[in-house]
Each structure stands twice: as structure tokens, then as C-alpha cells.
Student: 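Right, I'll just put the structure down here and ask away after.
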Amino acid sequence: MRVAIPHDLGREEVRKRLRERSHEIADHIPGGMAQVATDWTGEDTMQINVSAMGQDLRGNLNVEDTELVFEIALPLALSFVEPIISSAVRQQGQKMLEAPSQD
């Protein structure tokens with residue numbers, strides 16, 4: 001599954017926002033029972049591992065000039081929910097890229 005989230009922030013700003021907010025990823029997974037681990041494996045690549053409901057998913061977030069690309073191989077057992085997951089990734093990814101609120 002590949003989900004591209006457009007942005008006009010520049011690579012450095014996207015990396016900054018992802019670093020500052022990556023701890024929020026688990027909060028966006030329904031059920032509240034997911035464990036999420038992230039690791040920057042390169043300047044523009046963040047690996048993400050999600051464990052939830054007996055499934056372990058590994059993927060990458062790749063920062064590009066005009067989009068943030070989320071790539072993950074869904075197991076066959078979850079392929080039927082790909083449209084739901086794709087929509088959620090797109091929506092939550094856009095929220096993560098928004099400017100921090102000034103509370």
C-alpha cells in the first residue's frame with residue numbers, strides 16, 4: 001500500500017514536524033491498543049513498526065520535495081481494509097504535518 005500526502009513545507013520542515021510528533025502516531029490508531037516504534041534510517045526515511053491486534057506491520061515514511069510517502073505491505077488478512085487504512089493514513093498524516101497549535 002502506498003499513500004502520498006502532498007505538502008509545500010520543504011523537506012527539513014517535514015522532518016522536523018515528524019520528529020516532534022511521531023509519538024502521536026499510536027493515538028491515531030483506533031482501539032488504543034497499538035504499539036508504534038519509529039526509527040530514522042536516513043535523512044529522509046523513517047521506519048515505522050505497528051503492532052496491533054496480533055498483527056505486526058512494517059513500513060516507511062519517505063520525505064520527498066512535495067509529498068510525504070507512506071509505504072507498507074499489508075498482509076493478505078488485512079487487504080480488505082486497505083481503503084479504510086489508506087484514508088486514515090492520509091487524514092492523520094495531513095494532521096501531523098499541520099503547524100503546531102499555539103495554545
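The first residue in the sequence is number 1, and the count goes up from there. Atoms considered below: every heavy atom in the structure, side chains included; atoms not considered: hydrogens, waters and symmetry mates.
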Student: At what distance, to the nearest 0.5 angstrom, does CD of Q92 lie from CD1 of I85?
Tutor: 13.0 Å

Student: For the side-chain contact (heavy atoms from CB on, under 4.5 Å) test, which of E71, M46, E67 pairs with N62?
Tutor: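 Result: among E71, M46, E67, E71 is the only option passing the side-chain contact (heavy atoms from CB on, under 4.5 Å) with N62.
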
Student: Once rounded to the nearest 0.5 Å, what's the spacing between atom CG of N49 and atom CG of D39?
Tutor: 8.5 Å

Student: Hey, does P75 have a side-chain heavy atom less than 4.5 Å from the side chain of D56?
Tutor: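 Contact flag for D56/P75 side chains = no.
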
Student: Compare every heavy atom of R21 with every heavy atom of E98, then report the nearest pair and how far apart it is.
Tutor: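 The pair with the smallest heavy-atom distance is O-NH1, 3.4 Å.
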
Student: Say whether L61 and V36 are linked into one hydrophobic cluster, either directly or through other cluster members, by side-chain heavy-atom distances under 4.5 angstrom.
Tutor: yes

Student: Measure the spacing between CD1 of I48 and OG1 of T38 and express it to the nearest 0.5 Å.
Tutor: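 Going from CD1 on I48 over to OG1 on T38, the span is 7.0 Å.
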
Student: Should the heavy atoms of other residues, nucleotides or ligands under 6.0 Å from CZ of R2 be counted, would the total exceed 12?
Tutor: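 More than 12 heavy atoms, drawn from other residues, nucleotides or ligands, come within 6.0 Å of this atom.
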
Student: Is there a side-chain contact between S86 and V89 in this structure, where contact means two heavy atoms from C-beta onward sitting under 4.5 Å apart?
Tutor: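 A side-chain contact under 4.5 Å is absent here.
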
Student: Taking all non-hydrogen atoms of both residues into account, name the closest pair between R17 and M96 and its distance.
Tutor: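 Reported closest heavy-atom pair: CB-O, 4.0 Å.
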
Student: Under a 4.5 Å cut-off applied to non-hydrogen side-chain atoms, are F70 and R90 in contact?
Tutor: no

Student: Could you report the tightest heavy-atom contact between P83 and S79, atom names first, then the distance?
Tutor: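 Looking at all heavy atoms of both residues, the shortest contact is CD-O, 4.5 Å.
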
Student: Check L9 against H7 and note the closest heavy-atom contact, atom names and distance.
Tutor: N-ND1, 3.2 Å

Student: Within the 4.5 Å heavy-atom criterion, are I72 and V50 side-chain neighbours or not?
Tutor: no

Student: Linking I/L/V/M/F/W/Y whenever their side-chain heavy atoms sit closer than 4.5 Å, directly or via other members, would L97 and W40 fall into one cluster?
Tutor: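 Yes, same cluster.
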
Student: Which distance, rounded to the nearest 0.5 Å, do you find between the CG of D65 and the CG of D44?
Tutor: 8.5 Å

Student: Given 3.5 Å as the limit, does a donor-acceptor pair link the side chain of R58 with the main chain of Q47, or not?
Tutor: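 Side chain of R58 to backbone of Q47: no pair is present.
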
